[in-house]
Novice: 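Right, I'll just put the structure down here and ask away after.
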Number of protein chains: 2
Amino acid sequence: MAAKRSDAESKGSGRKSAPPQSGQEPRSEPSLSLERIVATAVDLLDAEGVDGLKMRRLADRLGSGAMSLYWHVDNKEKVFDLALDSVLEYRALPSIVASEDWRGDIVHMLEDWRASMLRHPWSASLLPRRALGPNILIRLELLSKTLSKAGVADADLNAAIWSLWNFVIGATITRANFELSDDDKAAAQQRLTGLSQHYPTIERSRLLLDNDWDGAFRKGLDFLLDGLAPRQ
Amino acid sequence: MAAKRSDAESKGSGRKSAPPQSGQEPRSEPSLSLERIVATAVDLLDAEGVDGLKMRRLADRLGSGAMSLYWHVDNKEKVFDLALDSVLEYRALPSIVASEDWRGDIVHMLEDWRASMLRHPWSASLLPRRALGPNILIRLELLSKTLSKAGVADADLNAAIWSLWNFVIGATITRANFELSDDDKAAAQQRLTGLSQHYPTIERSRLLLDNDWDGAFRKGLDFLLDGLAPRQ
DNA sequence: CGATTGACTCGTACGCTGTACGATGCAACT
DNA sequence: AGTTGCATCGTACAGCGTACGAGTCAATCG
C-alpha cells in the first residue's frame, strides 16, 4: 500500500513537514531522513570500506531497524549512488566565471576533485561504475566551459574532457588503493627483490615503494594540459 | 588433515602426476585443476560480470561440487587474482629489445594492454584493487626499461610510469563501464536535455553520447608521451 | 598381500547477506 | 470517530562464502 518515498532527483530536499508556527513541537521529527542516512553511510564507508557497508550495520549506526531504511531508499545500490555524489560537491571559485587563468581554474578543480575522493577512498573506484550524479556533472560542465574558453576546438572538446577524466580517475583509484596497503607494497617489493632477474629495472628504481603520487599527478596533468592547449 | 594445495606462486604449474610411461592410463587425471578453474572463471566473468562469479556457479560449470574448488584455491579472492593476471599476459614484440622506435613500442604495449582488458570488461576495475601479478609486473618492467632508453631522467622515471599507468587504467575502466550501458547513456543525456539550463555546454557537445574513446585514448597518450620525452 | 597414506571430491551446515511482506504506531485531516 | 498516509520494525526467505568431516581411489609400504 504505502507508496514509498523515492524522490528520484538529487540527494537532498524532500522533507515536507512544515516548521512549527507556534511555540511547541507540532509533530515529532521522523528519526530517519535521507540526509542522515547518506551522511551515516559516508561515515561507515570511510570507516569500513565498500565491503563494510551492510544495511543492518548502517541501521545500527542510525539506531533504527534495517528495514526502516527502505522507506527512504530504493535499495542498497542507491545508497552507494547517493553517498558517492554527496562526496563530490564542488563550489567553484567565484572568480572562475570571469577568470583569465583558465589553466589555474582547471588545475584547482581537478586537484580538489582528487582530494575529495582521497578523503573518502572508497569513492574513486565507485565513480566510473555508477550513474553520473549532479555534482559530477557540474564538474564536467565547468571543465567543458573552461576548455572551450581556453581555445580548445569544438571537435577536440570531448576528447579533451575524457582525457582529463581518465587521468584523474586512474590516478585517484590507484593512489587510494595503494595507500591503503603499505604492508602489501613492502611485501611486493620484497618478492621483487627475490626475482630481480625478472624485473631488474623496476626493482632498481623501487617503483613499488617510493612513489611521489602528488608530484606525479601534477606532472601528468601539466603534460596533458600542454598537449590540449599549449601555453602561449 | 589434508595439507591443501596453495602453490602461492603464479598461476600455472603445480600438476604433479607424471605422464604415462607405457600405453595405458596409469591414473585417472583429477577432473579439476588450477588452470581449468581459472579459465572457467574467466569465461564466467566474461558472461556474467564480477557479481556473477559465485563459487557454486563456477563449480556447476566445472561439473564439480562447490567445495572441491577449495582444494585448489584458498578462497574466492584468489580466484579473482588469478583470473585477472591470466588475462594480462603480454608477449612483447621480438623487435622490442633492440628497437629504436621506443615510442612505437610503448604505444603498442599500452594499446594491447587496454585491448586485453576491454576483451574482459571486469578486469580493468579489478586491476588497481588487487595485488600486482607477474604479468602486470612484466609490463611495468618493459615500460620502465623503454622509457629509460628513451632518455627519461632517472628522477622522473617512476612518475612517468605511474602517469601512463593512471591514464591507461582510467581510460579502460571508464570505457568498459560506459560501454556496458548504452541505455543509461541515452537516459542521462535525456535528463541533461531536461536540465539544459544547468549544463548547457556538455549538453550542446553531447558529451555523454558521441565519444570517440579510441581516438581520445590515442590523443591523450600522445600528449602524455610528448610531455614525458618530447619527440626530437 | 593387506594396511596405510595422500590427493582429491563432495554433502551438510552455519552465519551472514539483501530485501519482500505484513503488522504496527502515530499525526493530521475529514 | 474514522480514515489516510508517513514512518518504523519483526519475521522470513533465498542465496552467499566457506568450515568441517566423511568419502573415494590410486600409489606406496611393510
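Throughout, a chain's letter reflects where its sequence line sits, starting with A, and its residues are numbered from 1.
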Novice: To the nearest Å, how far apart are B:D60 CG and C:dC10 P?
Specialist: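 Nearest whole value for this atom pair: 11 Å.
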Novice: Hey, does the side chain of A:S68 come within less than 4.0 Å of D:dC9's phosphate (OP1/OP2), counting only N and O?
Specialist: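 Yes.
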Novice: Do B:L88 and B:L127 have side chains that approach each other closer than 4.5 Å (heavy atoms only, starting at C-beta)?
Specialist: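 Side chain of B:L88 against side chain of B:L127, heavy atoms only: contact under 4.5 Å found.
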Novice: Calculate the interatomic distance between B:D74 atom CG and D:dA19 atom P; express it in whole Å.
Specialist: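 Spelled out: CG on B:D74 to P on D:dA19 is 10 Å.
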Novice: Could you check how far CH2 of A:W71 sits from P of C:dT24, rounded to whole Å?
Specialist: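 Rounded to the whole Å, the gap is 18 Å.
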Novice: Using a 4.5 Å cut-off on heavy atoms from C-beta on, say whether the side chain of A:R175 contacts that of A:F217.
Specialist: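 No, every pair of side-chain atoms sits at 4.5 Å or beyond.
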Novice: Would you mind checking if A:E89 and A:R91 are paired as a salt bridge, meaning a charged N to carboxylate O distance below 4.0 Å?
Specialist: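 Looking at A:R91 and A:E89, the cut-off is met.
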Novice: Which letter, B, S or -, goes with each nucleotide of nucleotides 12-17 of chain D from 5' to 3', with contact meaning a protein heavy atom under 4.0 Å?
Specialist: B---BB
Novice: Less than 4.0 angstrom between a side-chain N/O of A:S31 and OP1 or OP2 of D:dA7, yes or no?
Specialist: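 Negative; the distance criterion is not met.
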Novice: Is the shortest side-chain N to carboxylate O distance from B:D46 to B:R119 below 4.0 Å?
Specialist: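 No, B:D46 and B:R119 are not salt-bridged.
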Novice: Nearest-Å distance, NZ (B:K78) to C1' (D:dT18)?
Specialist: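 Rounded to whole Å, this separation is 15 Å.
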Novice: Looking at A:H72, does any N or O in its side chain come under 4.0 Å of the phosphate oxygens OP1/OP2 on D:dC6?
Specialist: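 Indeed not, no polar side-chain atom of A:H72 lies that close.
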Novice: Between B:D214 and B:R114, is there a salt bridge with N-O shorter than 4.0 Å?
Specialist: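 Result for this pair is yes, salt bridge flagged.
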Novice: Salt bridge or not for B:E77 and B:R130, using N-O below 4.0 Å?
Specialist: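 Salt bridge: yes.
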Novice: Could you tell me the separation between the CG atom of B:L62 and the P atom of C:dC8, rounded to a whole number of Å?
Specialist: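 Spelled out: CG on B:L62 to P on C:dC8 is 15 Å.
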Novice: Starting at CE of B:M67 and ending at C1' of D:dT18, how long is that distance when rounded to a whole Å?
Specialist: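 Rounded to whole Å, this separation is 5 Å.
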